[in-house]
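Comments concern the structure below.
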Amino acid sequence: MQEPQFDFGMIGLGTMGRNFILNVADRGFSAMGLDLDQKKVQALEAEGKGKNVGGTTKTADFVAALKTPRRIMMLVPAGKPVDSVIESLLPHLDQGDLLIDGGNSHFLDTNRRDRTLNEKGFYFIGAGVSGGAEGARKGPSIMPGGHKNAYEIIRPIFEAAAAKVEGEPCVAYMGKESAGHYVKMVHNGIEYGLMQLIAEAYDLLQRGGGLNNAELHQVFDRWNKGKLQSFLIEITAEIFKQKDPVTGGELIDYILDRAKQKGTGKWTSQNAMDIGIPLPTIDAAVSMRGLSALKAERVAAAKKLTIPMNNILVEDKAIWIEQVEQALHFSFLVTYSQGMAMLADASIEHKFDLDLEAIARIWRGGCIIRATILESIRKAYSADPDLKNLMVSDEFAPLLLAAQAATRTVIKKGIDHGIPLLALGSALHYFDAYRTARLPLNLVQAQRDFFGSHTYERTDQDGVFHTEWEV
Ligand code: 6PG
């Protein structure tokens, strides 16, 4: 029997798992992979030639090869596969070994696994990992949650493997139980919001402004050098210049307008609803994926619900591009504000005790929503860790005030043109609702009391009131 020799084990050798192992090996740790698929093991061995990396299809060999306490990470599809892997692994493990779930697991599943594994004497970490295949290889943003002692076991490896911004690793302990997966869920909610907003800006520039793909590439490329600098704007610029090998045209024009989803954005909206947090831009993004799926209905409706409209809604392209940039910047700021406000409230609701500054810090690099804006967010929470909403911070308020007029212009023109702006509109409405001292919801309370005797509060006296409304 060979002496255990590997520092780190990975279960699931798909692209993400293989890339993460290679990343860990590049940082000076030895790493062992397990997958039932021999081809994936071979792929790892080929890609890991010359590195301190091994692979196997056998659980017993895998476990025996790892130094104790074992540090085993799973990158397998969320849901049942995670439970199956845990079940098959447990008989081989020793007390004190650490299991890490690096997938996009639902936070309630993570709470359950954390509890049951801890009861059995194992450590467990639910870690959000963001950055896709390239992030896994070069440095992702990692959001680990669970027992603090469990995090200490994996910390050196995670800190080495994570992306770095100004020398700081994009990983930090998020909090107990499912705090890490919860933060990753909200990350993905923000991701959904930003992606939908970019898609709406594309519509405004292309259908509204008549820009072709080459011009769109130039515009997004320029935007990426300014206040909108971010990973998502960067890849959007690249997308517009990708050629289609089949037709010789531009690939974007041949991609079906039906966006799929694995569900993390929806979970964000669902949990926000459950704990009473308004997230309209993220909700809108989830709804637009739903609307995009209704392709056949939309094609039929386009023939029936026709409205005569001008094709081009702008006279001066340069001004229009500048206004859309401002609207996109405004709505990006609002979307981050909604996501961070959710984390602030959820931290209390779920008792996570989240450090919002640390979250902004580790999102500055490696992850899908990385952007220059994150540094302003970090500063805002550094100045006031109890900040309720970023929109009123000294970092965000002046930017929102500066961009709101252009945002209104863009939305008005878009509406006149029949361009659906569910996310952009919701961002402006959220901003307007949040800064409205007296909303018309007094009427909703009156209606509730009228038909259901649900009572209401008054503006001039404390207490709970009911009126016998006259009919
Ligand atoms: C990331 C991504 C990643 C994945 C999304 C895609 O942070 O690296 O968010 O987790 O690409 O799950 O989500 P949808 O399939 O729901 O769009």
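Since the model is a prediction, treat every value here as computed from it, not as a measurement. Each ligand, and each atom within it, is numbered from 1 in the order the structure gives. For the numbers below, each heavy atom of this structure counts, side chains included, while hydrogens, waters and symmetry mates do not.
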Next on the checklist: If the contact criterion is a heavy-atom separation under 4.0 Å, does G263 count as touching ligand 1?
Outcome noted: yes
Item to check | Residue, atom name and distance, where the atom is the protein heavy atom closest to atom 16 (O) of ligand 1 | outcome: Y192 OH, 2.4 Å
Checklist entry - With W363, which of I373, V183, I377 fulfils side-chain contact (heavy atoms from CB on, under 4.5 Å)? => result V183
Checklist entry - At a 4.0 Å threshold, what atoms of ligand 1 neighbour a non-hydrogen atom of G132? => result 8 (O)
Checklist outcome for this item: Among non-hydrogen protein atoms, atom 8 (O) of ligand 1 lies closest to G131 N, 2.9 Å
Checklist entry - Is R408 salt-bridged to D432, going by a charged N under 4.0 Å from an acidic O? => result yes
Checklist entry - What is the nearest protein non-hydrogen atom to atom 5 (C) of ligand 1, stated with its residue, atom name and distance? => result N188 ND2, 3.7 Å
Checklist entry - Would K266 count as a contact of ligand 1 if the rule is a heavy atom under 4.0 Å away? => result no
Checklist entry - Quick one: do D26 and R137 make a salt bridge, cutoff under 4.0 Å? => result yes
Checklist outcome for this item: Quick note on ligand 1: atoms under 4.0 Å from a heavy atom of H187 include exactly 7 (O)
Checklist entry - Under 3.5 Å, is there a donor-acceptor pair between the side chain of S382 and the main chain of R378? => result no
Item to check | Mode of R289 contact toward ligand 1 - side chain, backbone, both, neither (heavy atoms, under 4.0 Å) | outcome: side chain
Next on the checklist: Checking a contact table here: which protein heavy atom is nearest atom 7 (O) of ligand 1, and how many Å away?
Outcome noted: S130 OG, 2.5 Å
Checklist entry - For atom 9 (O) of ligand 1, which protein heavy atom lies nearest, and how many Å away is it? => result E191 OE1, 2.6 Å
Checklist entry - What atoms of ligand 1 come within less than 4.0 Å of a heavy atom belonging to Q261? => result 15 (O), 16 (O)
Checklist entry - Between F6 and F29, is the ring centre distance below 6.0 Å? => result no
Checklist entry - What is the ring orientation for Y182 with F352, classed by angle as parallel under 30°, tilted 30 to 60°, or perpendicular over 60°? => result tilted
Checklist entry - Can any side-chain N or O of R298 pair as donor or acceptor with the backbone N or O of S292 at less than 3.5 Å? => result yes
Checklist entry - Should the pair F158 and Y151 be assigned to parallel (<30°), tilted (30 to 60°) or perpendicular (>60°) ring geometry? => result tilted
Item to check | Identity and distance of the protein heavy atom lying nearest atom 4 (C) of ligand 1 | outcome: N104 ND2, 4.3 Å
Checklist entry - Only one of N111, N118, T116 clears side-chain contact (heavy atoms from CB on, under 4.5 Å) with D114; which? => result N118
Checklist entry - Going by the order shown, which atoms of ligand 1 are within less than 4.0 Å of some heavy atom of I368? => result 1 (C), 2 (C), 7 (O), 8 (O)
